[in-house]
Amino acid sequence: MLNVDMLELCTELDISGMAKSRGVDLYTTLSVYNLHHWFDGYRAVVVLDLYDPAIAIVDIGGRAVIASSRCSNVDTYIARLVRALGLEEDLTEFHSIALRDVLLSSFVRMWSGWRLRSCDLWWALVVGVCQQNASFRQGWSMLLNIVNLYGRRVRVEGFGEVVLPPRPEDIVRDPSKLSIARVGYRARAIESIARSFLEKLVPPSEALERMDSHEVEDVLRSLRGVGSYTARLAMVLALRRYELPPVDRWLRAIVSRVYGVDERYAERKWVEIWGRWSGLAAIALTIALDAAPLRDALSRIERGELVPKLGNEPSPATLWRFTQLTTARTSRAYRQRISPTS
DNA sequence: TGCCAGGCGGGGT
DNA sequence: ACCCCGCATGGC
């Protein structure tokens, strides 16, 4: 591999005190919805800048190092790390609503230390597109393939190679590999979104910060292949904007069943319950139910199984343990694609 | 073997 | 504002 960017160690810090005082459990925060590329059960890679690459390597005990080629920005990077891990997010109100809620009370009792770990906006949109009209499992297998096919390798002083999520330009350079990633018709959306980012059609995050949630949703929805669900999911995952929930068929059906409202009013009901925490609650529910397909999710709710089971199949909480295994399937598809035989 | 899955856009009415 | 359909792919 030529032209591998080298990141130098900028600083070390200890975030265990901040995590503890805020009641943050770093293990759940670092492990949930992660891939083996970025979490190994002990240490996680948190991307702080996808473009001028900067990362934090954080362990579950709170020791962190910042690595970048631009160590002069280290204060910004530390602030981004604190934000990405939700260390300064006050979830008191979210927890108090959840404790009274039939779906999430058990979850927040056991998982009160979980914080959403945020990511880059472009990448959050790719995550959203891969969830469209597909099961949890299929969506994450697409994402895994995309990272394996397009991920950008950097070398980190003292840590070896780390893979970063692809940038828009990594996709645009060779969009044809998306078919190898088995994303189906979503390839056009992913490529189109990538081009929109390259052409600066998406305002920078400082500008998005100043816009109200509906405006941000509209901006993201102007991208081809991004509808309300994907826009709102990206707002939750990348911007920590929870006011507008990403409501899909899954959540709509669950809300309708559990609270006895018509599916038409499921979103209204959800927002009535969760208010400004609606988006976070939607993500929390997927964790609590291990992202089980709708039919299974409904029967788990019937049985009151409302905390993650951490069983022997992939779930939001255990995804990172399984992603290495499925890599073999992609390589097989890749080889067949490259040299079609038999 | 069809049918469906954490959507979306384009076409109707 | 609705309703309806096709869409790549994978799992059952």
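Throughout, a chain's letter reflects where its sequence line sits, starting with A, and its residues are numbered from 1.
Nearest-nucleotide assignment on DNA chain B puts the 5′-proximal partner with A:Pro316, out of A:Gly225 and A:Pro316.
Note: CZ (A:Arg188) to P (B:dG9) measures 12 Å, nearest angstrom. Here B:dG6 presents its C1' atom at 8 Å from CG of A:Leu233, a figure rounded to the nearest Å. Rounded to a whole Å, the CG atom of A:Asn133 is 13 Å from the C1' atom of B:dG9. For the pair A:Glu191 CD and B:dC8 P, the interatomic distance rounds to 19 Å; values are reported in whole Å. Rounded to whole Å, the distance from CZ on A:Phe136 to P on C:dG11 is 14 Å. Atom CZ in A:Arg252 sits roughly 13 Å away from atom C1' in B:dC8 (whole-Å rounding). Distance A:Arg232 CZ to B:dC8 C1': 15 Å, rounded to the nearest Å. Separating the CG atom of A:Asn145 from the P atom of C:dA8 is a distance of 18 Å, rounded to the nearest angstrom.
When the nucleotides B:dG6, B:dG10, C:dA8 are ranked by their closest atom to the side chain of A:Arg186, C:dA8 comes out on top. Here the side chain of A:Thr286 is nearest to one of B:dG7, B:dG6, B:dG9, namely B:dG6. Here the nucleotide nearest the side chain of A:Gln131, chosen from C:dT9, C:dC7, B:dG6, is B:dG6. Among B:dG6, B:dG7, C:dA8, the nucleotide with an atom closest to any side-chain atom of A:Leu294 is B:dG6. In this structure, of B:dG6, B:dG7, C:dG10, it is C:dG10 that holds the atom nearest to the side chain of A:Arg182. Side-chain atoms of A:Arg224 lie closest to B:dG9 of the nucleotides B:dG6, B:dC8, B:dG9. The nucleotide whose nearest atom lies closest to any side-chain atom of A:Tyr33 is, among C:dC2, B:dG6, B:dA5, B:dG6.
Using a 4.0 Å heavy-atom cutoff across all strands shown, A:Ala189 reaches no nucleic acid atom at all. Across all strands, A:Val226 comes closer than 4.0 Å only to sugar-phosphate atoms, never to a base (heavy-atom distances). Within the nucleic acid shown, A:Leu178 has no heavy atom closer than 4.0 Å to any nucleic acid atom.
An OP1 or OP2 oxygen of B:dC4 is reached within less than 4.0 angstrom by no side-chain nitrogen or oxygen of A:Ser135. Between A:Arg264 and C:dC2 there is a side-chain polar atom (N or O) within less than 4.0 angstrom of OP1 or OP2.
Looking at heavy atoms from C-beta onward, A:Ile146 lies in side-chain contact with A:Cys130 at the 4.5 angstrom threshold.
Within a 6.0 Å sphere centred on CE of A:Met211, other residues, nucleotides and ligands contribute more than 12 heavy atoms.
Comparing the same atom, C1', in B:dC8 and in C:dG11 gives a spacing of 22 Å after rounding to whole Å. Taking atom C1' on both nucleotides, B:dG6 is separated from C:dC2 by 22 Å, rounded to a whole Å.
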Audit row: A:Leu85, A:Arg117, side chain to side chain contact (heavy atoms under 4.5 Å, CB included) steps and yes/no: CA-CA 5 Å; A:Leu85 298 181; A:Arg117 180 171 36 76; 4.1 Å; yes
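Within the 3.5 Å criterion, the main-chain N or O of A:Arg321 finds no donor-acceptor partner in the side chain of A:Thr318. In this structure, the side chain of A:Arg240 engages the main chain of A:Leu116 through a donor-acceptor pair within 3.5 Å.
Taking the charged nitrogens against the carboxylate oxygens, A:Arg152 and A:Asp5 do have a contact shorter than 4.0 Å, which makes a salt bridge.
Judged by distance alone with a 3.5 Å cut-off, a donor-acceptor contact links the side chain of A:Tyr185 to the base of B:dG7.
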